[in-house]
Amino acid sequence: MIIFAKKLYVSLTCQKTSHNFTKIVFKPLHTNLFNIVLISFFLSIGCGNLYSQEIKSKKKPLPSGKQTDKPEIIPNDTIKLDTVRATKTFLDGKVRYKAKDYAKIDQKKKLITLYNEGELYYKDVELKSGIIVLNYEKDEVYAGRIKDSSGVLVQYPNFKQGTSEVQPDSIRFNFKTKKALIYNSRTKQGELNIKAAVTKKENDSVYFLKGARITTAQDIDNPEYYFLTSKIKFIPGKKIVTGLTQMIIADVPTPLALPYGYFPLSQERSVSGIIIPSYNDSNTRGFSLQNGGYYFALSDNYDLTVLGDYYTNGSYAMRFESSYAERYKYRGNVNIRFENLISSERGYPDYSKQNIYNIQWSHSKDTKSNPNSSFSASVNMGSSKYFKRSINQANIGSNLNNTLSSSISYNKTFNTIPGSRISLSATHQQNTQTEEITMTLPNFQGSIDRVYPFVGKNGVKKGFFKNINLQYNVTGKNNFKTTDSLFFKPQMFRDAQIGMQHTIPISTNFKIFKYFSAGASTNYQETWVTKTIDKNYDDAKGQVVDKTVNGFDSYRTYNFSTNLGTTIYGTFNFGADKKIQSIRHVMRPSITYSYTPSFERYYDHYTVDAAGRISTDEYSRFANGIYGAPGKDNSSIVGFTLSNTFEAKVRDSDSTKTEPKKIMLLNNLNFNTSYNFNANGKETLAWQPIVVSGGTQFFDNKLNMNFGAVLNPYAIDNAGNVINKFNIDNGGSLFRMTSANVTMNYSFSNKGTGKEKNAQSQRNGGRNDDLFGTNTDLNDSRNSQFANEPERDDDVISEFFSAKIPWDMTMAYSLTYSNAARENKITGNSIMISINTDITPKWKGGVSTGYDFVQKGVTFTQFRFERDLLSWRMAFNYQPLGTNSNWNFFIGIKSGMLSDIKWNKRSVSNR
């Protein structure tokens, strides 16, 4: 509505907004005493909700209605001017509010009262509470709780300004000064929950707290532990600085106190800081401080952790751990570990000193960054005894592992016609028992895709000639063979073997009599080397001496092969009314023939004069080369292979299903042998043993079983040597079973999901399951011993927890039989089992053990327990048997911010 009075007009609008909010907008354009009274009257009977007020003066219009830029000349008037001042404005922003029961406006006291589920929004302030009182004259708001029907105080205030949120018992806030007085405030900053008796908000960035407690527990009113302090200066998102601070556990004061405390609250991903070491002692190394150091948050893309150990007998260890990542490009981590281990005291017979190290690097490239190239790394190299001797690793699987391996590779694909690609890699193989190391650095591979020279423009590849294709492959290697003691020393590089090999395979395939698939291929190969040998008899030494000849040399070889195969299907029907309706048998027989000529031209002779007798012998100058020597004798071999699969159709137990269910009886059953036409019957026998292998799965693919056997058709003499006589002609059976093996793996759980694999244990060289116990990195005991699982909702846990106890089990069984020299005995027969279960909703337990039936003894055994203490975690594992017997106990706060508050005690065996 619009009101006119003495050339004054007022625009007053009553509007209804969403969420049942009400707002009033009015603009008085001229002011005098009468107008103010008139406006106040209409406001009192209007919408009842004061929103904002603006009083502005306008220039008086000319009588003629025309406007001019010149000032109007007004004669002196004897009437006294109006001295009423303009009303002071308040709340320079929009206010929105609502309440469930009522929203009462008191114009006299300038109050707006919201009762029951009140909500008030003003600028960046959001306030929700049982009762809210807004004094729009003083620009202040008060919020508090209300009582429910039973007299209990409910509906705590929730005050939010920007990113800061407070949940107190009551609050008083001034919109102009931004100051507040808060009673029993509760706020969350990152992982920290803070409760204070009285809080004074000085401005937007500084709070002063009195009688405060700080904790990471979820229940701030009844926490498992907290830090009690008398006063706090709190800067949201940045830091908390406290006065005298004491740690309280289960409402029991502890002697742990500090004169002041500092808690960083950076909004960044992480911040740098000191890592507090833990105290331990050892019978052989003395007292120690372990796993102390510094964490460097270098950037959002990479970090660095430096950790160290020190023992009073002089032993020490250093570890450098870094993780890096860039979204949509790459990610990886690097671990470098070094330990200087001293046992006992100098002068004692059991004194020892050794240096061990381990380097691990993992890198993967996101394929989306560049689909035509890739780079990856998986490195695990170092001292062969590292996992046996390390004072910071406890994993029997890594300890028993005999091989460490590494691979770094770069691949590049070129969009050419025909397509081509190159690969550059470095590989490393290390035997931890013999301490022998084989390294290829670098290993170059290149190839050009297959080319079909006889295919027409239509692109149809059909028949012998049109399927003829060829391609080109090239490899280059720089190979090292050394030991732990010579690794990366000058002798290692002097003994390097360098070579390159070019290969051009030509092949084709075609059909014969419609049902047979045939193929033929020939392969040309040229080999380049930089080192050869020259053999001569040294009269002075009385022996043959190998002399290394440096220089380029090469040889060329070729071979031919062909194959013929088919697929045969057979079905045995038993009737639709039977439980097993039919069995399907698929056979895939194939025969291959390969021929390689003799390359005697690459063999030389040397003269041997021993004891007055002169003789000659043959050798190849390429014998010790990186690719070996070409064959001296021609080879003509025919091979036979038969693979089988068995599948059954059974009637489904669900009567509503009309189709039978298919189950696999045998995934594979394979027979392989070969016949050599050039066998001489002495060094080489014509028939090779038949190798039988197979595998299948049971119980919904949860039980995997694999088996194998070697059947030799030849007999043996009394000394156990194979002779050129069939076993059946020697009074025996058709074949001698010289060896056999069976392995079974069974993993199942009632949790409904697959068990998480232990990637770090596999990376260390062990197993990816816990049959040899969990992989325990003693650097950081905060990680759970059990597979990561989602947090259990306590509300759904029944009173009788034993009605369904979550558990998982992994089992492995191995049986090995040997009869190569009529020993006819079981050489291996062992079972391993691992079980994990939730004993109670907060207790987890597990055991890994096994039994060797041949050695008649218990194999590796580990017991592990873990207790969820809400904001704390307690863990204990015990390995009672063997040279690796040890125990480890840990209790500490789960939060990463307070991870240094822990107690770790362990006893590690002498290694």
Side-chain angles (χ1 to χ4, degrees), residues 275 282 285 288 290-293 303-311 315-324 332-343 352-363 376-408 426-439 441 480 482-489 492 758-768 772-781 783 883-884 886 888 906 908-911:
I275 300 173
S282 170
R285 297 187 177 92
S288 66
Q290 292 183 281
N291 303 320
D303 61 7
L304 174 65
T305 304
V306 180
L307 296 171
D309 306 336
Y310 182 76
Y311 287 81
S315 299
Y316 64 88
M318 293 292 296
R319 291 177 298 284
F320 303 88
E321 303 174 357
S322 178
S323 297
Y324 58 90
N333 58 75
V334 180
N335 297 330
I336 301 175
R337 304 159 177 164
F338 173 81
E339 298 181 13
N340 177 46
L341 303 181
I342 300 174
S343 296
S352 66
K353 179 180 179 181
Q354 61 178 335
N355 295 328
I356 58 175
Y357 70 94
N358 179 256
I359 300 173
Q360 292 186 349
W361 177 30
S362 177
H363 180 95
S376 63
S378 178
V379 175
N380 183 20
M381 61 186 298
S383 303
S384 297
K385 305 299 182 184
Y386 178 80
F387 289 104
K388 291 179 170 58
R389 305 292 185 185
S390 173
I391 57 178
N392 279 289
Q393 293 286 327
N395 181 252
I396 192 68
S398 304
N399 193 351
L400 297 178
N401 180 57
N402 293 330
T403 304
L404 299 179
S405 61
S406 306
S407 175
I408 304 173
T427 61
H428 153 265
Q429 295 287 331
Q430 182 173 352
N431 189 307
T432 60
Q433 299 297 320
T434 63
E435 298 188 6
E436 293 180 353
I437 298 174
T438 301
M439 175 177 284
L441 180 67
F480 305 93
T482 185
T483 61
D484 259 14
S485 58
L486 300 176
F487 191 54
F488 270 97
K489 291 186 177 180
M492 167 182 166
N758 194 331
Q760 184 59 40
S761 177
Q762 188 174 27
R763 184 182 178 188
N764 290 348
R767 297 176 62 98
N768 60 7
F772 283 136
T774 58
N775 182 70
T776 306
D777 188 347
L778 302 178
N779 297 334
D780 187 1
S781 297
N783 297 324
T883 58
N884 296 279
N886 65 82
N888 183 45
R906 71 176 186 260
V908 182
S909 62
N910 300 331
R911 299 183 181 182

What pair of heavy atoms forms the shortest contact from I356 to Y386, and how long is it? CD1-CD1, 3.8 Å
Report the C-alpha distance between Y324 and V334 in whole Å, list the side-chain angles of each, state the deciding distance to 0.1 Å, and finish with yes or no for side chain to side chain contact (heavy atoms under 4.5 Å, CB included). CA-CA 9 Å; Y324 58 90; V334 180; 4.2 Å; yes
Check the pair M318, V306 against side chain to side chain contact (heavy atoms under 4.5 Å, CB included), reporting the backbone distance first and the verdict last. CA-CA 7 Å; M318 293 292 296; V306 180; 4.1 Å; yes
What pair of heavy atoms forms the shortest contact from T432 to K385, and how long is it? O-NZ, 3.9 Å
S323: what forms a side-chain hydrogen bond (donor to acceptor under 3.5 Å, both in side chains) with it, not counting sequence neighbours? none
Which atom pair, heavy atoms only, marks the closest approach of N291 to D309? N-OD1, 2.7 Å
Taking only residues two or more places apart in sequence or in another chain, which ones pass side-chain hydrogen bond (donor to acceptor under 3.5 Å, both in side chains) with S406? H428
What closest approach, in Å, do Q360 and N358 show between heavy atoms, and which atom pair accounts for it? CG-OD1, 3.3 Å
Determine the minimum heavy-atom distance between S384 and Q430, stating which atoms define it. OG-NE2, 2.9 Å
Okay, side chain of S315, backbone of I342: is any donor-acceptor separation there less than 3.5 Å? yes
Nearest-0.5 Å distance that lies between atom CD1 in I359 and atom CZ in R337: 11.0 Å
ring-ring contact (aromatic ring centres under 6.0 Å, His included) partners of Y310, counting only residues at least two apart: none
Shortest non-hydrogen contact between N335 and S322, atoms and distance: OD1-N, 4.4 Å
Evaluate the criterion side chain to side chain contact (heavy atoms under 4.5 Å, CB included) for residue pair S343 and R285; output intermediate values, then yes/no. CA-CA 6 Å; S343 296; R285 297 187 177 92; 3.7 Å; yes
Has the side chain of S383 got a donor or acceptor atom that lies under 3.5 Å from a matching backbone atom of Y357? yes
With a 4.5 Å heavy-atom cut-off, do M381 and L404 have their side chains touching? no
When you compare the side chain of N340 with that of F338, does any pair of heavy atoms fall below 4.5 Å? yes
